[in-house]
Amino acid sequence: MTNEWCGWREATERALYGPDDGFYTRPGGPGPAGHFRTSVHVSGLYAGAVATLLRRVDGALGHPDELALVDVGTGRGELLTGVLAVLPGEVAARVRPCAVERAARPRGLDPRIEWRGELPAPGSVTGLLFANEWLDNVPVDVVETDADGVPRRVLVRADGTERLGGPVDGADAEWLCRWWVPPLAPDAAGALPPGLRAEIGRPRDEAWARAVRTLRAGLAVAADYAHERGDRPPFGTLTGFRDGREVSPVPDGSCDITAHVALDACAGPSAERLTQREALHALGVDGRRPPLALAATDPSGYVRALSSAGSAAELTDPAGLGGFGWLLEPVGGACAGLLTAGGA
């Protein structure tokens, strides 16, 4: 890793996706599951919910001869593997599973799964595109207000040392003005307080728009930890993860580097936004405990149901994974409202 000064976007791209020593692309690495748990790793209930959603998309599209399931940021293919395991045979026979991941294909992956390093071509996919915790790993630049309240790009070296660079201008400045309203009011002279930080989410908006454009018809879903325009954190959310622990974000390839997603900025005009709790409830994932009477009539069944309820409660906890945002973008009209009361 070079130790020259650069913006966080460039440093993160190199640290996460460098061809030989990137955190995600390093040969023989454990993948995301070796460092943190996503909803996919919590329970098979999550894959089951995505399978339910895929079947709703299938029905809305009139059961096409070929039904795509594109998993963007697939890690080691755990979600696709779980979905394929629970689909009915008739649906599974028509599904074309596609993993989009910049790391190499893992050994032993189901041969039905196509593995590719970039998104499919625009307009080439009919079905469901699902991106679980992908956008938070799309690299972004970081800005900080200086002593005069001027937003400046934060420069960083591979060892994590930072300094302020030039003022933010152009499209990045426009994005900040529109989407990252400072949570602290300017002073009487109109200046911002020093030390405020923000992540410029424009690369994520563009990445998500490219992902949605791969669909000819169907539904695109992004699930991620997110914040809203009226509630942006005053000091940003950039952080790192290693071996299951949150650590300082050092762009040397030794840790994950991530930041919360401004999903409201990513959303297109036809988008719907839900919390993960709302989405999973609409897909039949419920954390309620099984009736105690079941313990007397079917003790083993009660234990299984209790375990499932615990996993469902973790996935839908509003203070945890249940508070994640789900961004749903229907393409072609048929898949609008699949998780609303009318669509459920």
Side-chain angles (χ1 to χ4, degrees), residues 6-17 23-24 32 35-39 73 131-146 151-156 160-165 168 172-173 175-184 192-208 222-252 254-267 273-277 317-327:
C6 63
W8 267 105
R9 183 181 180 186
E10 179 182 341
T12 301
E13 174 69 26
R14 188 166 56 235
L16 296 186
Y17 305 114
F23 182 76
Y24 283 119
H35 297 278
F36 49 84
R37 290 171 86 222
T38 72
S39 297
N132 182 69
E133 294 195 40
W134 167 56
L135 287 173
D136 65 273
N137 281 133
V138 173
V140 292
D141 273 320
V142 178
V143 302
E144 181 177 324
T145 51
D146 64 13
R152 292 181 176 272
R153 206 173 301 272
V154 177
L155 305 181
V156 65
T161 306
E162 291 184 337
R163 74 179 187 193
L164 296 187
V168 181
D172 286 343
W175 189 93
L176 280 174
C177 228
R178 179 178 181 186
W179 291 111
W180 201 292
V181 177
L184 300 177
L192 294 171
L196 298 180
R197 285 172 69 106
E199 296 96 30
I200 301 172
R202 191 168 61 88
R204 293 169 172 178
D205 300 355
E206 294 169 353
W208 180 242
D224 232 310
Y225 39 95
H227 42 53
E228 298 288 322
R229 184 176 182 272
D231 192 29
R232 306 286 191 222
F235 305 110
T237 60
L238 189 76
T239 191
F241 284 93
R242 184 194 303 117
D243 299 329
R245 300 190 309 275
E246 188 170 5
V247 297
S248 297
V250 178
D252 61 358
S254 68
C255 67
D256 181 31
I257 298 173
T258 179
H260 287 49
V261 182
L263 282 179
D264 49 348
C266 296
R273 286 189 291 128
L274 302 171
T275 65
Q276 177 157 297
R277 179 180 178 87
D317 179 2
L321 293 172
F324 276 31
W326 276 40
L327 172 61

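Bear in mind that the values here come from a model prediction, so they are computed numbers and not experimental data. Computed over heavy atoms, backbone and side chain alike; hydrogens, waters and symmetry mates excluded.
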Q: Could you walk me through whether L263 and W326 pass side chain to side chain contact (heavy atoms under 4.5 Å, CB included), step by step?
A: CA-CA 8 Å; L263 282 179; W326 276 40; over 6 Å; no
Q.
If the threshold is 4.0 Å, N to carboxylate O, is there a salt bridge linking R9 and E13?
A.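 Not counted as a salt bridge, because no side-chain N and carboxylate O are separated by less than 4.0 Å.
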Q. Any ion pair linking D264 and R229 (charged N to carboxylate O, less than 4.0 Å)?
A.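 Here R229 does not pair with D264 in a salt bridge, since their nearest N and O are not under 4.0 Å apart.
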Is it true that a side-chain atom of [X] and a backbone atom of [Y] form a donor plus acceptor pair closer than 3.5 Å?
X: R152; Y: G165; value: yes
X: R232; Y: E228; value: yes
X: D224; Y: A226; value: no

Q) Could you go step by step and tell me if L164 and V154 meet the side chain to side chain contact (heavy atoms under 4.5 Å, CB included) rule? A) CA-CA 5 Å; L164 296 187; V154 177; 4.0 Å; yes
Q.
According to side-chain hydrogen bond (donor to acceptor under 3.5 Å, both in side chains), who are the partners of R163, at least two apart in sequence or on a separate chain?
A.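 R163: no side-chain hydrogen bond (donor to acceptor under 3.5 Å, both in side chains) contacts found.
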So, taking the atom named [atom1] in [X] and the one named [atom2] in [Y], what distance separates them when rounded to the nearest 0.5 Å?
X: H260; Y: L238; atom1: NE2; atom2: CG; answer: 11.5 Å
X: E206; Y: W175; atom1: CD; atom2: CH2; answer: 11.5 Å
X: D172; Y: I200; atom1: CG; atom2: CD1; answer: 4.0 Å
X: Q276; Y: D317; atom1: CD; atom2: CG; answer: 10.5 Å
X: F324; Y: D136; atom1: CZ; atom2: CG; answer: 8.0 Å

Q. Would a 4.5 Å heavy-atom cut-off, applied to side chains only, mark P318 and T275 as touching?
A.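 SC-SC contact between P318 and T275 ruled out.
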Q) Do P251 and R14 have side-chain heavy atoms sitting under 4.5 Å apart? A)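 Sidechains of R14 and P251: no contact.
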Closest non-hydrogen atom pair between [X] and [Y], with its separation:
X: Y17; Y: N137; result: OH-O, 2.9 Å
X: T145; Y: P193; result: OG1-O, 2.7 Å
X: L135; Y: A222; result: CD1-CB, 4.0 Å
X: A131; Y: W208; result: CB-CZ3, 4.2 Å
X: V168; Y: V143; result: CG2-CG1, 3.2 Å
X: C255; Y: S248; result: SG-O, 3.9 Å

Q) Do D205 and W179 get their side chains close enough for a donor-acceptor pair, meaning under 3.5 Å? A)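 Note: D205 and W179 side chains miss the donor-acceptor criterion.
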Q. Any luck finding a side-chain donor-acceptor pair between T258 and Y225 under 3.5 Å?
A.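 A pair is found: one side chain offers a donor N or O, the other an acceptor, under 3.5 Å apart.
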(Q) Taking the ring of H227 and the ring of W180, is the distance between their centroids below 6.0 Å? (A)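 Under 6.0 Å, so yes.
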Q | Any residue meeting side-chain contact (heavy atoms from CB on, under 4.5 Å) with V140, in chain and number order, not counting sequence neighbours | A |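 For V140 the side-chain contact (heavy atoms from CB on, under 4.5 Å) partners, ignoring immediate neighbours, are E199, P203, R204.
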Q: Report the C-alpha separation of V261 and V138 in whole Å, then their side-chain angles, then the decisive distance to 0.1 Å, and conclude whether the side chain to side chain contact (heavy atoms under 4.5 Å, CB included) test is met.
A: CA-CA 9 Å; V261 182; V138 173; over 6 Å; no
